[in-house]
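Here is the structure we will look at.
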Amino acid sequence: MSAPHDQGSSSLSLEALTQLLETIFLRHGTSSEVARVLAANCAGAERDGAHSHGVFRMPGYVSTLQSGWVNGHAVPQVEDVAPGFVRVDAGNGFAQPALAAARPLLMEKARHAGIAVLAIRNSHHFAALWPDVEPFADEGLVALSVVNSMTCVVPHGADRPLFGTNPIAFAAPRANAAPIVFDLATSAIAHGDVQIAARKGEKLPAGMGVDSLGQPTQDPKAILEGGALLPFGGHKGSALSMMVELLAAALTGGNFSFEFDWSNHPGAKTPWTGQLLIVIDPDKAAGQSFAQRSEELVRQMHGVGLKRLPGDRRHLQRSRSMAQGIALDEQTLRQLREMAGESIAQA
Ligand SMILES: NC(=O)C1=CN([C@@H]2O[C@H](COP(=O)(O)OP(=O)(O)OC[C@H]3O[C@@H](n4cnc5c(N)ncnc54)[C@H](OP(=O)(O)O)[C@@H]3O)[C@@H](O)[C@H]2O)C=CC1
Ligand SMILES: O=C(O)C1=NCCCC1
């Protein structure tokens with residue numbers, strides 16, 4: 001799908017966009033619960049200007065569901081395995097409904113024990129990771145999550161790809177502002193952004209990827225067609241990516257990024273892996289107000305000249321979207337309406 005503002009655009013309210021996406025999910029073989037959770041997630045990403053994981057992903061969700069690769073009706077099985085540990089088998093379904101099903105138990109355990117871990121396996125994550133952690137910080141908790149994806153990143157010092165783009169997301173409460181949240185791929189660039197650059201015919205900055213011969217390239221098509229991505233920060237990002245494979249797959253019982261084979265499911269786009277979430281109740285740990293301490297850290301950071309915190313851009317875009325509506329170009333909106341089964345005349 002094209003990026004917004006390419007051409008004439010329309011604005012939709014968050015509710016209208018969520019409803020449209022929910023219709024698309026329902027029409028392509030999900031339960032109403034799965035449609036509800038995924039539509040809210042995807043519309044929220046678009047609202048916040050997270051374009052690589054907003055409505056751009058809808059054709060991929062649809063082709064994946066059509067391919068039979070993922071179970072859109074999966075009912076997650078939540079297991080209470082230890083005082084600080086919850087496990088979910090997502091049943092070859094999407095990760096977000098699995099998290100939604102486990103959330104009440106996870107929160108209860110984190111509040112009671114001070115820390116709780118959620119291990120999701122047998123799951124597909126095709127979205128941004130920050131929506132999985134931010135709501136915990138909104139409730140005064142600290143949350144960290146990792147998810148692995150599909151082989152497309154060359155480990156530092158290796159010749160061929162093995163890791164996924166493996167993001168890490170973190171959220172912590174502040175006393176006087178929205179939580180601090182960051183969410184970053186451990187690759188130099190997210191796979192979604194490479195696809196968007198390829199579609200727009202744009203060159204990438206240097207150092208993001210290699211072509212099919214392992215030579216550095218700034219051509220996104222060369223990366224997508226037989227090439228690969230590099231980790232961010234050389235050996236440091238590579239170590240973090242390895243950690244994500246261990247935590248999101250080995251620890252949860254999910255697949256490593258190199259372990260699933262979707263070649264018999266043309267159209268399948270969603271990595272079939274695992275996800276880990278750690279939730280901490282800071283009231284149990286610090287013995288002083290964590291949120292006030294966060295505030296002090298931010299104050300000091302601004303004091304040394306920092307202008308932008310991670311999450312600031314997203315929140316600015318969120319405010320704009322809530323005030324003016326979520327801007328979608330006409331072509332994107334037409335495609336979404338078609339996927340929803342609306343006739344063009346209706347649109
Ligand atoms: N499901 C999956 O398997 C995968 C999902 N993804 C998703 O892709 C998305 C994009 O990842 P990625 O491209 O690495 O993200 P970016 O590099 O765009 O941003 C990473 C983080 O850094 C912040 N940031 C960016 N620029 C600055 C700056 N100049 N100063 C301060 N903070 C800054 C961002 O905040 P802000 O948002 O406010 O700009 C964000 O929190 C993520 O949401 C990730 O979860 C990626 C890989 C796999
Ligand atoms: O952008 C990425 O990188 C990915 N996003 C969704 C899942 C696959 C990898």
Side-chain angles (χ1 to χ4, degrees), residues 38 41-42 44-54 56-61 64 69-70 94-96 99 120 123-134 137 144-153 161 163-172 177-198 204-205 207-209 220 223-224 228-233 237 240-241 244-245 248-249 254-257 260 262 268-277 298 301-302 305-320:
L38 292 185
N41 175 292
C42 188
E46 195 64 36
R47 172 203 61 199
D48 281 17
H51 298 303
S52 63
H53 291 80
F56 167 73
R57 293 282 167 184
M58 289 307 291
Y61 275 116
T64 298
W69 171 244
V70 67
F94 292 103
Q96 292 80 9
L99 168 56
I120 305 175
S123 53
H124 297 248
H125 202 295
F126 200 47
L129 199 52
W130 59 262
D132 298 357
V133 292
E134 190 177 69
L144 178 75
S145 187
V146 293
V147 62
N148 59 320
S149 65
M150 70 283 179
T151 289
C152 60
V153 177
F163 296 154
T165 42
N166 301 0
I168 302 174
F170 173 80
I180 297 172
V181 178
F182 74 75
D183 173 17
L184 45 90
T186 50
S187 47
I189 183 170
H191 195 264
D193 282 322
V194 182
Q195 292 175 63
I196 290 174
L204 297 175
M208 312 260 129
I223 292 173
L224 296 173
L229 293 170
L230 297 172
F232 81 86
L240 290 174
S241 191
V244 174
E245 293 288 345
N255 289 318
F256 285 124
S257 295
F260 56 87
W262 47 16
K269 307 277 184 208
T270 60
W272 185 9
T273 56
Q275 178 178 3
L276 193 84
L277 248 126
V298 171
M301 288 163 75
H302 287 317
L306 186 91
K307 300 283 183 293
R308 174 180 168 185
L309 279 175
D312 280 354
R313 180 204 57 81
R314 238 172 10 82
H315 279 287
L316 192 62
Q317 185 56 47
R318 184 181 296 183
S319 306
R320 277 196 200 121

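Model, not experiment: these values are computed from the prediction. Side chains included, hydrogens not; waters and symmetry mates left out as well; all remaining heavy atoms used. Whatever order the structure lists them in is the order used to number ligands and atoms, beginning at 1.
Remark: ligand 1 and L129 share an N or O pair separated by less than 3.5 Å (distance only, no angle test). Every N/O-N/O distance between P167 and ligand 1 stays at or above 3.5 Å. Residue contacts with ligand 1: D183 is placed with a nitrogen or oxygen under 3.5 Å of a nitrogen or oxygen of the ligand (distance criterion only).
Contact between D183 and L129 at its shortest, heavy atoms only, is OD2-N, 3.1 Å. Between M150 and P271, the shortest heavy-atom contact is SD-CG, 3.9 Å. The two residues S52 and R57 make their nearest non-hydrogen contact at O-NE, 2.9 Å. Nearest heavy atoms, V133 versus S145: CG1-CB, 3.6 Å. Residues P167 and V147 approach most closely at CD-O, 3.2 Å, considering heavy atoms. Listed here is the closest heavy atom pair of A95 and I120: O-CD1, 4.0 Å.
Between F126 and Y61, the ring center distance clears the sub-6.0 Å criterion.
Nearest-heavy-atom check against atom 36 (P) of ligand 1 across R318, R313, Q317 picks out R313. Closest to atom 34 (C) of ligand 1 by heavy atom, among S187, P310, A169, A50, is P310.
Scanning all protein heavy atoms for the shortest distance to atom 31 (C) of ligand 1 gives R308 O, 3.5 Å. For atom 38 (O) of ligand 1, the nearest non-hydrogen atom of the protein is G311 N, 2.9 Å. At the top of the distance list for atom 48 (C) of ligand 1, counting protein heavy atoms only, stands T165 OG1, 3.2 Å. Nearest protein heavy-atom contact of atom 11 (O) of ligand 1 is A185 N, 3.8 Å.
Within the 4.0 Å cut-off (strictly below), no protein heavy atom is located near atom 16 (P) of ligand 1. For atom 45 (O) of ligand 1, a protein non-hydrogen atom is found at a distance below 4.0 Å.
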Write 'none' if nothing qualifies; otherwise put on separate lines each N/O atom of ligand 2 with a protein N/O atom under 3.5 Å away and their distance to 0.1 Å.
from: ligand 2; atom 1: 1 (O); to: H53; atom 2: NE2; distance (Å): 3.2
from: ligand 2; atom 1: 1 (O); to: R57; atom 2: NH2; distance (Å): 3.2
from: ligand 2; atom 1: 1 (O); to: H191; atom 2: N; distance (Å): 3.3
from: ligand 2; atom 1: 1 (O); to: G192; atom 2: N; distance (Å): 2.9
from: ligand 2; atom 1: 3 (O); to: T165; atom 2: OG1; distance (Å): 2.7
from: ligand 2; atom 1: 3 (O); to: H191; atom 2: N; distance (Å): 2.9
from: ligand 2; atom 1: 5 (N); to: H53; atom 2: NE2; distance (Å): 2.8
from: ligand 2; atom 1: 5 (N); to: R57; atom 2: NH2; distance (Å): 3.4

Residue pair W272, W69: steps toward the ring pair (Phe, Tyr, Trp, His ring centres under 6.0 Å) verdict: CA-CA 9 Å; W272 185 9; W69 171 244; 5.3 Å; yes
Worked check of side chain to side chain contact (heavy atoms under 4.5 Å, CB included) between V146 and N166: CA-CA 7 Å; V146 293; N166 301 0; over 6 Å; no
Worked check of side chain to side chain contact (heavy atoms under 4.5 Å, CB included) between N41 and H53: CA-CA 9 Å; N41 175 292; H53 291 80; over 6 Å; no
F94 and T270: CA distance, side-chain angles, deciding distance, side chain to side chain contact (heavy atoms under 4.5 Å, CB included) verdict: CA-CA 9 Å; F94 292 103; T270 60; 4.0 Å; yes
Evaluation steps, side chain to side chain contact (heavy atoms under 4.5 Å, CB included), between E134 and R314: CA-CA 12 Å; E134 190 177 69; R314 238 172 10 82; 3.1 Å; yes
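Ligand 1 does not have I189 within reach: every non-hydrogen atom of the residue lies 4.0 Å or more from it. Ligand 1 has no atom lying under 4.0 Å from any heavy atom of G192. Ligand 1 lies within reach of A127, whose nearest heavy atom is under 4.0 Å from it.
For ligand 1, the atoms lying closer than 4.0 Å to a non-hydrogen atom of A128 are 43 (O), 45 (O). Each of the atoms 38 (O) of ligand 1 lies under 4.0 Å from some heavy atom of D312. Of all atoms in ligand 1, listed by their number and element, those nearer than 4.0 Å to a heavy atom of F182 are 41 (O). Near S149, the atoms of ligand 1 lying under 4.0 angstrom from a non-hydrogen atom of the residue are 3 (O). Every atom of ligand 1 with a heavy atom of D193 under 4.0 Å away is listed here by number and element: 13 (O). For ligand 1, the atoms closer than 4.0 angstrom to any heavy atom of L184 are 14 (O), 20 (C).
How far CD of Q317 is from NE2 of H51: 6.0 Å, rounded to the nearest 0.5 Å.
Side-chain contact between M208 and V194 is absent, with no heavy-atom pair separated by less than 4.5 Å. Annotation: side chain of F163 is not in contact with side chain of T151 (no heavy-atom distance under 4.5 Å).
Under 4.0 Å from ligand 1, the heavy atoms of H53 that appear belong solely to its side chain.
Checking S149, S241, S187, S257 one by one against T165, the side chain to side chain donor-acceptor pair (under 3.5 Å) holds for a single residue, S149.
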